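Written out below as structure tokens is the structure these notes cover.
A quick note: this is a predicted structure, and the numbers were derived from the prediction, not measured. Just so it is clear: chains get the letters A, B, ... in the order the sequence lines come, proteins before strands, and each one is counted from 1.
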Amino acid sequence: MLLNPKSEEAYNLFHEGILALSHAEEAGIRVDMDYVNRQCKILDRKMKDLEAEFKESRLFKHWEHVSKGKVNINSDAQLRHFLYDIKKLTPAKLTESGLGSTDEESLVALDVPELLKLIDIKKLKKTRDYLEGYAREQVDGYIHPNFNLHLVKTYRSSSSNPNLQNVPKRDDDQMKTCRGALYPRPGHQFVEIDFKSIEVSISCAYHKDSTMIRYMKNKDSDMHADMAKQIFIIDKIDKSNPTHAILRQSAKNGFVFPEFYGDYYVDCAKIICGWAKLPIGKWTTGMGIELDTSAFTISDHLIAKGINSYKKFESHIEEVEDDFWSSRFGEYADWRKRWWTVYQKYGYIDLLTGFRCSGVMDMKNCVNYPIQGTSFHCLLWSFIQTDKWLRENKMRSRLIGQVHDSMILDIHPDEREMVIAKIKDITCVELPQHWQWINVPLEVDTDIYPVDGSWAEKN
DNA sequence: TGTTCATGG
DNA sequence: TATCCATGAACA
């Protein structure tokens, strides 16, 4: 990737940035190697047991028979051949190159119970890979993840050896096993500070859409709840109601974000149904998540509103999409068109932070790169100021890493409140003063871990 | 070396 | 015209 800063300020951001990141690399993160060794043994045992069970199954015996006894259960190519060529099952989806997919979603869709064991084995193996990485990379009980600024075409960072930016978090078992290996220095505690929806905030600096700016400025408004109301045709979203929370999540992760990144109604309808547990095929009453306390489900509700088939739901989402881009966020849509036109004319686009993206881009790249890069630059600028402040004030606390929109610190408890207050000032006050094109308030979330607690022990 | 899969934002 | 950006392992 070619770094192309077009201003002294852009150059300086990365120059100071890589120095600050190198301080975090030098500090490193403590690894409990006894724990790593114990967990690896436990994982090995679980994988061995599952593999033995899998090899007892009729499915495996058939596989073994047709492959002349040379089955490699780690080979997706062999599994694909067996499932889709030999057993003639129909793949739920295809890969990029048009072959039958063997990812978790596709295997689950085949509804073959034995394959669930295979999925579990793969998951345990993946977990083990993280632990092996820590064992391989640790020096005197500390890992020193690299943070790179020269590898990503959007001008984000990346991390490697080991990668600190993709440590499991969503799956509780994987999260506990992997993050449970990593500790702060003795007597210290982890603190993570992350920007709330930074990409949405930064998108406002580019498109200046008045409706979206209102959403970001007004704490009582909630874009995702409003979309949930429109998508599911309900009057009100009460976030404290667990069912409503799922509907809001469906709207956020199945419609709003996919639309921002360039997806369209056909795929959005599918994702939303995944969240709401509605089938893509035939619809009847009594399907999907339950609304309220009765056995009244989301399908009952939608059918009562006239959406009595999946196809009708898809058309409904098409209308929601049309309204989303032509009415609700019309100024955002206009900006995307203008931005794409500029790229087609000049062959490049310039970020508000002074970096230039060029090379082959499609429209989605053109409208997403500047937002992704600039959002990270907000984190990087804050990281640099925090690093300077901690060093100038001879603090015992230090920055140890960064995950795109969050800073990770190893903090001495006596300094905790002062450090957190300073970082809140840097991120939410100093940063918008430094870059005056930031046109909505910025907010952060703070996660405080116990003293001497691992990265798995979030409160 | 390219593809596919899994993990994160 | 159909979700953006990464790293890393394993296989063919």
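Note on A/S157: nothing from the nucleic acid sits closer than 4.0 angstrom, heavy atoms only. A/Y130 comes within contact range of the sugar-phosphate backbone alone, with a heavy-atom separation under 4.0 Å but no base atom that close.
Between the C1' atom of C/dA2 and the CH2 atom of A/W340 lies a distance of 14 Å, rounded to the nearest Å.
Between A/N365 and C/dC5, a side-chain N or O to OP1/OP2 separation shorter than 4.0 Å is present.
Here A/K229 pairs with A/D226 in a salt bridge; the nearest charged N to carboxylate O distance falls below 4.0 Å.
You'll find the ring centres of A/H224 and A/F257 inside the 6.0 Å limit. Ring to ring, A/H377 and A/F14 are close: their centroids are under 6.0 angstrom apart. Ring-centre distance between A/F82 and A/H62: below the 6.0 Å cut-off.
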Identify all side-chain donor-acceptor contacts of residues 329-341 of chain A below 3.5 Å with residues at least two apart in sequence or on another chain.
residue : atom : partner : partner atom : Å
A/E331  : OE2  : A/S210  : N            : 3.1
A/E331  : OE2  : A/S210  : OG           : 2.4
A/R336  : NH1  : A/F260  : O            : 3.3
A/W339  : NE1  : A/C366  : O            : 3.1
A/W340  : NE1  : A/Q344  : OE1          : 3.4
A/T341  : OG1  : A/K337  : O            : 2.8

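If A/P162 and A/D263 are placed on DNA chain C by their nearest nucleotide, the residue sitting closer to the 5' end is A/D263.
Counting 5' to 3', DNA chain B first comes under 4.0 angstrom of a heavy atom of chain A and last does so at the ends given by B/dT3 to B/dG9.
C/dC4 has its base stacked against the ring of A/Y261, the centroids being under 5.5 angstrom apart at an interplanar angle below 30°.
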